[in-house]
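Here's the structure, in structure tokens; my notes come after.
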Amino acid sequence: MTAARPNDVFSPLSVGPAAIAPMAVRPAVDPEVDEFRPEGHGLPSFHIWTLGCQMNQSDSEEMAGQLLAAGCDRAPSLETADLVVINTCAVREHAEAKVIGRQGLLAKLKRQRPGMRVVLTGCGVRESERAGLLRRFPAVDMFLRPDEEPELALRLGLVSAQAPVGLRTAATAATTVVSGRPVSAADRLAPNRLIALAEGRVARSSAISAWLPIVYGCDKTCTYCIVPFSRGPERSRPFDDIVAEARGIAAAGYPELTLLGQNVNSYGHDLPAEERFGHIDTERSAGRHLDLLGRPDLAELLDAIDGIRDARGRPAIPRLRFITSHPWDLSDRLIEAMSRCDSVAEHLHLPIQSGSDTMLRRMGRQYTVAHYTERLARIREAVPGIAISTDVIVGFCGETDGEFRATLEALEDIRYDTVFAAAYSPRPGTPALLMADDVPAEVKLRRLNELLAVQEKIGLALNQSWLRREVDVLVERVTPVRRRNSTEAEVADEAILHMPSLYGAAGEGSVALAGRTRHNKLVHLSGDPALVGHVVTVLIDHAGPFALRGRVVAALVE
Ligand code: SAM
Ligand code: SF4
Ligand code: F3S
């Protein structure tokens, strides 16, 4: 469908909730009336620009699903789209600055094509700062908090009053207040997802790896973190809804599924107790008192999803992952489930943030380094060889050289496969604003570089232990030619990829491919593009700090 200028589809600029009056646009979802659509009554083509974490990627799939169900088409690029949806991240200033930096381009595009509209959503839209949004993002026509995203098509007037009940309920729901501050409310997202799934309005972006949100929001109070203020308090999706969605993903043939939440380890604490979960009484009450008896937890979910089997009795979804885990809530039950379930991949992302107890206290992380390392030892015992990745913040308020050194020591002791490190970035409205951001920028940068150099050596040594071993790789993609703005890690990966002696092993018709092992190791290989989506056995012949390279020795096309 070619999209005509959608001038009639949008209402004027607005920053307030539910302020855009739906225009008289017939819903395009009804096949009965579709053939009567007048010629030229076009719906906008759209482009979604997604920043941030997997949760945002999953949310974007829901928004794309809404727009497609309303009859819109995807535009080939942001520059050619009638409707640009920006799904923002606010975790660091840099993430917001990226979007602010594009305001000029968006304004120019809008001058060239006056029908173009821009919607901004995601963690950058916080209720407490709604008033300043238009000043920071002047090219934007409409702002939606993350919990308002299910209303996207409705607010744009792309669905009519016959819109599904869930959408209309969402439009009228109130904002939640946490510690006296208005924030996004996560409580309507679970029912909205259920409706979206039932109506086929989740446009998954990959046919290989599926996202499955299990808990929205975050109840933790890490002092540096904006997420609880942008995403609201924790809300777990009902157990049966999640298992039903996993069944659908299995039926669709996905080889990989990742359960999502800011803290997946606390899944279920807010759900009603049920007799069938009477055997569950985990030790998650540590930290704050929670009555957990009889409530489902992540371990129960892993068992249930692992229990979805194919005709030959194998897990119907061979690779099951979950992210992100909080060390404080990581229960023995979860560790046992990870060890027991065939499909659960041998990788855990367990953010440590700092290797110093005094720093962890200032960060409000609730655990000590001893607690963290005890949990890790237990996991390593239960799942031998498991790969561990983590997040680290350097230069947080008052970080002394000794505290920083303690983090380096933790890295040396623990020996992570991958570390995602960043310099502390003060975020508006977070408790840390009451502390002094007193580590100078150049010290933050120096520490960051020092930490990355330490980790590079550890990563390389660990990756070298995979040399001459055969690993199963789920091929995810044909590797694109080097992109502009590649990160350092990507450049290093590509350097491995383009080493002539290795690359020369490729046969006729082979292309550069990339995939991951069960341990979440990135592996470059060459082969037939038809291998994408399949598991192949690869003999590893080169190891870099960020990736491995090898050649296909057997294709296990499943
Ligand atoms: N829920 C996860 C956890 O418990 O660690 C992490 C979610 S957070 C969106 C992802 C990572 O961003 C964090 O682990 C932290 O390392 C980093 N981060 C969060 N706030 C930050 C800030 N103000 N400055 C720098 N990094 C930050
Ligand atoms: Fe942020 Fe802490 Fe929640 Fe993670 S656990 S999202 S770092 S508040
Ligand atoms: Fe960013 Fe929000 Fe995710 S702040 S990291 S998009 S939860």
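As the structure lists them, so they are numbered: ligands from 1, and atoms in each ligand from 1.
Residue contacts with ligand 3: M55 is excluded, as none of its non-hydrogen atoms falls under 4.0 Å. For S230, the heavy-atom gap to ligand 3 stays at 4.0 angstrom or more. Between R365 and ligand 2 there is a heavy-atom distance shorter than 4.0 Å. Under a 4.0 Å heavy-atom criterion, Q262 is in contact with ligand 3.
Only the side chain of V227 comes within 4.0 Å of ligand 1, counting heavy atoms alone; its backbone N, CA, C and O stay farther away. Contacts between Q353 and ligand 1, counted as non-hydrogen atom pairs separated by less than 4.0 Å, involve the side chain only. Contacts between A423 and ligand 1, counted as non-hydrogen atom pairs separated by less than 4.0 Å, involve the backbone only. Contacts between P351 and ligand 2, counted as non-hydrogen atom pairs separated by less than 4.0 Å, are absent for every part of the residue.
Judged by distance alone, the side chains of N265 and S325 do bring a donor and an acceptor atom under 3.5 Å apart. A side-chain donor-acceptor contact under 3.5 Å links N263 and D329. Side-chain N/O atoms of S389 and T418 include no donor and acceptor closer than 3.5 Å.
For ligand 3, the atoms lying closer than 4.0 Å to a non-hydrogen atom of C89 are 1 (Fe), 4 (S), 5 (S), 6 (S). Within the listing of ligand 2, atoms 8 (S) sit less than 4.0 angstrom from a heavy atom of P228. Atom numbering of ligand 1 starts at 1 in the shown order; those under 4.0 Å from a heavy atom of V91 are 9 (C), 12 (O), 18 (N), 19 (C), 20 (N), 21 (C), 22 (C), 23 (N). Those atoms of ligand 2 that come under 4.0 Å of a heavy atom in H326, given as number and element, are 5 (S). In summary, the atoms of ligand 3 found under 4.0 Å from a heavy atom of N56, numbered by their order in the structure, are 6 (S). For ligand 3, the atoms sitting less than 4.0 Å from at least one non-hydrogen atom of C53 are 3 (Fe), 5 (S), 6 (S), 7 (S), numbered in the order shown with element in parentheses. Of all atoms in ligand 3, listed by their number and element, those nearer than 4.0 Å to a heavy atom of C123 are 2 (Fe), 4 (S), 6 (S), 7 (S). Shown in contact with R92 at under 4.0 Å from a heavy atom are these atoms of ligand 1, numbered in order with element: 12 (O), 17 (C), 18 (N), 24 (N), 25 (C), 26 (N), 27 (C).
The shortest N/O to N/O separation between R365 and ligand 1 falls below 3.5 Å. Between H326 and ligand 1, no pair of N/O atoms sits closer than 3.5 Å. Considering backbone and side-chain N/O of Q262, one or more are found under 3.5 Å from N/O of ligand 1. Distances between N or O atoms of N263 and those of ligand 1 include no value under 3.5 Å.
Counting protein heavy atoms only, atom 1 (Fe) of ligand 2 is closest to C225 SG, 2.3 Å. Nearest protein heavy-atom neighbour of atom 7 (S) of ligand 2: Y224 OH, 3.4 Å. Looking at atom 6 (S) of ligand 2, its nearest protein heavy atom turns out to be Q262 OE1, 3.6 Å.
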Dump the intermediate steps for salt bridge (Lys or Arg N to Asp or Glu O under 4.0 Å) on R204 and E62, then the final yes or no.
-> CA-CA 8 Å; R204 297 196 188 275; E62 280 191 41; over 6 Å; no

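Residue C222 holds the heavy atom nearest to atom 2 (Fe) of ligand 2 of all those in C53, S325, C222, C218. Nearest-heavy-atom check against atom 11 (C) of ligand 1 across V392, D391, I323 picks out D391.
Across R126 and P428, no two heavy atoms sit closer than the pair NH2-CG, 3.6 Å. The two residues T517 and R321 have their closest heavy-atom pair at O-NH2, 3.1 Å.
Ring geometry for Y372 against Y367 counts as tilted: the plane angle lies between 30° and 60°, on a 0 to 90° scale.
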